[in-house]
Amino acid sequence: MTVKLGVPSKGRLMEKTFDWFATHGITLARAGSEREYAGAVDGIEGVALVLLSAGEIPRELASGRIHLGVTGSDLVQEKLVQWDQKVEPLAELGFGHADLIVAVPSAWVDVDTLDDLDAAAAAFRQRHGHRLRIATKYHRLVRDYLRTGGVADYRLVDSQGATEGTVANLTAEAVADITSTGETLRANHLKILSEEPVLRSQATLFRSRVADLSEKDRRVLRGLCDRIEV
Amino acid sequence: MKLAARTKAAALGARLIEAGAVPVDPAILQPAETLLDLYGEDIRARAYVTSDPGRGEMMLRPDFTVPVVQMHMARGASPARYTYAGEVFRRQEDHPERESEFLQVGFELFDGRDPAAADAEVFSVLSALLQGYRLRAVTGDIGILMAVVQGIEISDQRRAALMRHLWRPRRFRALLDRFSGKTPVPPSRAALLAQADPMAEIGTVTGLRTRSEIAARVAALQADAAEGPMEQAQLALIDAVLGVRESCEFALQHLRDIAVDLPSLGAAVDRFEARLQALAARGVDVASLEFEASFGRTSMEYYDGFVFGLLSQDRPDLPPLATGGRYDALTQRLGQGRQVPAVGGIVRPDLLLALESGS
């Protein structure tokens, strides 16, 4: 048995994760070619690197197929019901910052709070005969947020990409999406509501609460936690 | 356990048929659109949604009332009594320990001739089914809350907002706090209202919501600001009614006292009194029956009159063994203009078995 560490398989998130572990004296690397999803670990015994898509890491942690995993806290909270019973955040890695926010057309000078959004949604439904549509891929998080905020008369429409474009394309009236700088929103004539975001997310190292650990794995995991100071 | 609950359900159903109800058997798969229109997006967190390539989005029925009302409105003649028994399905995202699939045995009565008698009939028929269990009955009346909001002195705009959120107690309170000035005006709104022409710099308008809709809401905000804070006396009337929580007999006196300052409440209190008489005529001890003005506000939002719950005295941790209420407005929304006053309720056989086995 080994302690399995899941890391995003490509892009900036992978490189930054590798850098973060390197600062703690643990070298992670892809094994072999660019296309191979196996990894090599240097600097600590008994840990295996598994390269996965960031979106799959929450599920792999929750099912116990990996012991540790790096992914965005947004993905963990959206994909896992009662996430805090399935995984434990060990360390926030300080990159991959993104907020999940609700944005409306910047021309909506009358809408700045959830209270406004609710009132606008009620009037919209009366006028157009259907509920105000909010495009997102974070259905659970956004629904909980809007329910807590007392917003009714909206409906979520699924958008797996180019969400900011849905308003101009008339397939949604507002969006709920991840943003880091807000530039794409501004380019699409959208503005963020002046409320706390739905979620503040960053790349986070999680531990699975359900994965089996042998006595040896436990020692490896303790050693790893000491090394990364958590 | 499942089989035992089914047997129990059949026995309860047989007694409802004896009480004059016609058995009906609505489909498990219901068109999602109807339920989404009624409950909004929140229903997705509570019901299972699936899709059918031909029929679109479908839901596993979260309750029987909606399909029974549709069936009655399409082809039923009033008066009518229906009973049903079967599974309902509820997603339990936040409470995985709760059942996501359980049986309900129901009784629904469509009869507009004497609403008080109909309320009392449903209450006593379901209470009789639970005879032998140590029960605590709680009643309420959404009609009284609606009458208060209809009667207080505020603008129609504010009244409509309160009516819309009557079934969301927290949001309702937030609106009252804002209307009464307890919550300060958000800075962004103050800034908007301070502008000579808030529409001057709106820039490019994208999406389906038009410039004129934005202008209409700006005008509404200006009117709301001009209206000023809601009077404390009006707020006190709402709080007085929401705070009524005592035996039905005392509640009636208490509400009569409040109606002195709020005459529009009178008709609703008359209906409450008529119901108490009808309940007493059926042998219910209204002197000890509990009344809570805010009871039933957080349930499914179609109840608009009498509401009740029958709870176990021995197991306060269990959900109510039976619940029910009046839903006149639902029949109108599903009846394409027609309306039939209706009241009904359900019993949960699985909870009765849990009580019997002590588990």
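To find a chain, count down the sequence lines: A is the first, B the second, and so on, and within it residues start at 1. Side chains included, hydrogens not; waters and symmetry mates left out as well; all remaining heavy atoms used.
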Determine the option with the most heavy-atom pairs under 4.5 angstrom with chain B, choosing from [options].
| options | answer |
| --- | --- |
| A:Arg133, A:Gln82, A:Glu173 | A:Gln82 |
| A:Ala119, A:Ala122, A:Gly149 | A:Ala122 |
| A:Asp118, A:Asn188, A:Val151, A:Thr166 | A:Asp118 |
| A:Arg127, A:His130, A:Arg155 | A:Arg127 |
| A:Leu146, A:Asn169, A:Val167, A:Val111 | A:Val167 |

Which class fits the ring pair [X] and [Y]: parallel under 30°, tilted 30 to 60°, perpendicular over 60°?
| X | Y | answer |
| --- | --- | --- |
| A:Phe124 | A:His128 | parallel |
| B:Tyr327 | B:Tyr303 | tilted |
| B:Tyr302 | B:Tyr39 | tilted |

Pick one of side chain, backbone, both or neither for [X], based on which atoms fall under 4.5 Å of a heavy atom in chain A.
| X | answer |
| --- | --- |
| B:Arg44 | both |
| B:Glu33 | side chain |
| B:Arg91 | side chain |
| B:Arg209 | both |
| B:Pro198 | backbone |
| B:Leu192 | side chain |

If you count heavy-atom pairs under 4.5 Å between each of [options] and chain A, which one has the most?
| options | answer |
| --- | --- |
| B:Val218, B:Leu221, B:Leu36 | B:Leu36 |
| B:Gly203, B:Pro186, B:Gly40, B:Ala45 | B:Ala45 |
| B:His165, B:Arg171, B:Arg189 | B:Arg171 |

*Can a donor-acceptor pair be found between the side chains of A:Asp158 and A:Gln160 at a distance below 3.5 Å?*
yes
*How about B:Ser155 and B:Glu227: does a side-chain donor come under 3.5 Å of a side-chain acceptor?*
yes
*Please confirm whether the backbone N or O of A:His139 pairs with a side-chain atom of A:Glu78, one donor and one acceptor, at under 3.5 Å?*
yes
What is the distance from atom [atom1] of [X] to atom [atom2] of [Y], rounded to the nearest 0.5 Å?
| X | Y | atom1 | atom2 | result |
| --- | --- | --- | --- | --- |
| B:Gln70 | B:Thr331 | CD | OG1 | 12.0 Å |
| A:Arg147 | A:Tyr154 | CZ | OH | 7.5 Å |
| A:His67 | A:Thr2 | NE2 | OG1 | 7.5 Å |

*asked:* Given heavy-atom pairs under 4.5 angstrom as the criterion, report whether the side chain, backbone, both or neither of A:Leu156 touches chain B.
replied: both
*Considering only heavy atoms, which portion of A:Thr148 lies under 4.5 Å from any heavy atom of chain B: side chain, backbone, both, or neither?*
both
*Answer yes or no: does atom CZ of B:Arg170 have more than 12 heavy-atom neighbours from other residues, nucleotides or ligands under 6.0 Å?*
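No, because the 6.0 Å sphere around CZ of B:Arg170 holds 12 heavy atoms or fewer from other groups.
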